[in-house]
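Everything on this sheet refers to the single structure shown next.
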Amino acid sequence: MNGAVLGPSEVLIEDDAIAEVSASVGRPGGAKVIDLSDRTVSPGFIDTHVHLCVDGLNLARQTLQCSPAKALAGLHYAQQYMRYGFTTLRDMGTLDPEWPTVNLRDAIAAGTARGPRLVVAAHMISATAGHADIQGMFPCRCHMGLSRVADSPAKIRELVRMEHAFGGDWIKTMNTGGYMSAGDDPARVTWFEDEMQAVGQTAQQLGMPLAVHTGAAEGCKQALRAGARSLEHCYLIDDEGVAMAQKAGAFLVPTMQMTREDKALLLAGKLPEHAVWKFRRDVAAIEDAQKRMARSNARIAYGTDCGMFPFSEGILEFQAMTAAGLTTARALKAATSVAAELLQRDDIGVLAPGKQADIVAMPGNPFKDIAATAKVDFVMKGGRVYRHGSFDLFQ
C-alpha cells in the first residue's frame, strides 16, 4: 500500500473500489470471502508499452489486414495478457488507417468487451523514412494510409490534432530509427529540432502527454527538450540524458525483456535480416544503457513492447529489470505505483481505500524471488474476479 509491504491483511471491496485495508475488516452482511492467505497480494500490474494490434515479427503481412481483424486479435491478446496479472495497459500505437485500439478501449470501458483497462496512443507519428513509416516495405509503393508521417511542423500539428480529435489519450512519436523497421537507424535522430518541438508544443496545447520512441543519446535529449513525459526504450541513453530525465521528472520505459528476446533471435539466426546489422552493432551498448538507468534515481516504469514479441513473454520484464540491476522493490513499483503515476491515474497502482479494486495474487514471495511474478493465479479488476483457481474467464 503506497509502496509499503504489509503483513497478513484483509481487503474490503465495495462495488469496484477498495473500501478498507487493515488487519481485520470484519464481515459485512452478505460479503463474499476470498481466501488468499497463502498468496502474496499486489496491486494489478500495469504494462505501459504494448502494441495490441501490431505483430512485429510479421509486420508487412499483418499491417495489411483489415482494422476489425486487428481489433479482434488485439482483444484476444489483451485478455490473455490479463491472465498474467495485467489489469491496465498503455497501447503505444498501431499501423492502421483506422482507430482499432480506441475502439477496443471504449468497448472495454463500456462493458461490451471484457479485458484490461486501456490507455491509448492511437498511432505512431514519425518523419518520412522514420521508424513508423512502413510504406517502403511494400514493392507497389502505393499510399495505403498505414503510416502517420510528416515532414514539416504544420503537417505534424495536423497529425497531433487528429489524434486528439479521434479520442487518443497520448501522443506517440518516434524521433530516431528502430531495429524492427527497414531502412532507418536507432542511432540517428529523424526529427529536426523544430519538428520535435512542434510535436511537443501541439500535444501540450491539447493537454495530451507525449511518449517518444527514442534510441540515440541525442534523441533522448531532444525528446526531453520537447517536453516528453516518457522516453520509450532509451536504447543508447547516456549519463547526461539520464540526468536530464531525472531533473525533468520524466519517466524512462526501457523495455528490457525485448532486448533479451531480440538477442535470442539473433543468436538463433531468426532475427529479421533488416534488424541484424544494427542490433548486432548496438546490443552491448543497449545493455550498458539499461544498467546505467538501473543505477540512477530516474523514474523507471514497466513497459515491454509486447506485440513486437509474444505477449506470453511480457511478464518476464520483472526478471529482466532485476537482472539489469533494479532492486526487486523498484521493479514491482515500476509495474504498479510508478506506472500509475506515469499514466496520471491516481485511482490505480496501490492497494488503498478509494482506489480501484485491481488485485493480483501469486504463490511465493516476489521480494525473495522475482520469478514469483510469473506465477500469478488470481486476477481481479475493478472488483470483478477474472481468474482464481480453476475459474479462468479467458480460458
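Remember, predicted model here, so these are calculated numbers, not experimental data.
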Does a side-chain N-to-carboxylate-O contact under 4.0 Å join [X] and [Y]?
{"X": "Glu287", "Y": "Lys263", "value": "yes"}
{"X": "Arg148", "Y": "Glu158", "value": "no"}
{"X": "Asp238", "Y": "Arg292", "value": "no"}

Sequence neighbours left out, what passes side-chain contact (heavy atoms from CB on, under 4.5 Å) with Pro68? Give chain and number order.
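For Pro68 the side-chain contact (heavy atoms from CB on, under 4.5 Å) partners, ignoring immediate neighbours, are Cys66.
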
Got a sec, which residues hit side-chain hydrogen bond (donor to acceptor under 3.5 Å, both in side chains) with [X], two or more places apart in sequence or on another chain?
{"X": "Thr101", "answer": "none"}
{"X": "Asp184", "answer": "Ser181"}
{"X": "Arg188", "answer": "none"}
{"X": "Arg299", "answer": "Glu341"}

Decide if the gap between the ring center of Tyr179 and the ring center of Tyr235 is smaller than 6.0 angstrom.
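Centroid separation for Tyr179 and Tyr235: below 6.0 Å.
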
With ring centroids as reference points, do Phe45 and Tyr84 lie under 6.0 angstrom apart?
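For Phe45 and Tyr84, the ring centres are not under 6.0 Å apart.
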
Those residues that, when tested against [X], pass ring-ring contact (aromatic ring centres under 6.0 Å, His included) (two or more places apart):
{"X": "Phe309", "result": "none"}
{"X": "His388", "result": "Phe378"}
{"X": "Phe166", "result": "Trp99"}
{"X": "Phe367", "result": "none"}

Heavy-atom pair of closest approach, residues Leu52 and Asp91
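Reported closest heavy-atom pair: N-OD2, 2.7 Å.
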
So, applying side chain to side chain contact (heavy atoms under 4.5 Å, CB included) with Ser230, which one of Met92, Arg90, Lys172 is it?
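The option that passes is Arg90.
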
Using the test salt bridge (Lys or Arg N to Asp or Glu O under 4.0 Å), find all partners of Asp358 that sit at least two apart in sequence or belong to another chain.
Arg117

Mind checking what makes salt bridge (Lys or Arg N to Asp or Glu O under 4.0 Å) contact with Arg330, not counting sequence neighbours?
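So Arg330 forms no salt bridge (Lys or Arg N to Asp or Glu O under 4.0 Å) with any residue.
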
Check whether any side-chain heavy atom of Lys333 sits under 4.5 Å from a side-chain heavy atom of Ile300, and report yes or no.
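Heavy-atom side-chain distance check fails, nothing below 4.5 Å.
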
Just wondering, do Arg384 and Arg114 contact through their side chains at under 4.5 Å, heavy atoms?
yes

Mind running side chain to side chain contact (heavy atoms under 4.5 Å, CB included) on Arg83 and Asp392 for me, showing each step along the way?
CA-CA 8 Å; Arg83 297 182 65 254; Asp392 190 330; 2.6 Å; yes

Evaluation steps, side chain to side chain contact (heavy atoms under 4.5 Å, CB included), between Met196 and Leu210
CA-CA 11 Å; Met196 186 70 243; Leu210 174 64; 4.0 Å; yes

Please report, to 0.1 Å, the donor-acceptor pairs under 3.5 Å made by any side chain of residues 310-324, with sequence neighbours excluded.
residue: Glu317; atom: OE1; partner: Met256; partner atom: N; Å: 3.3
residue: Glu317; atom: OE1; partner: Gln257; partner atom: N; Å: 2.8
residue: Glu317; atom: OE2; partner: Met256; partner atom: N; Å: 2.8
residue: Thr322; atom: OG1; partner: Phe318; partner atom: O; Å: 3.4
residue: Thr322; atom: OG1; partner: Gln319; partner atom: O; Å: 3.1

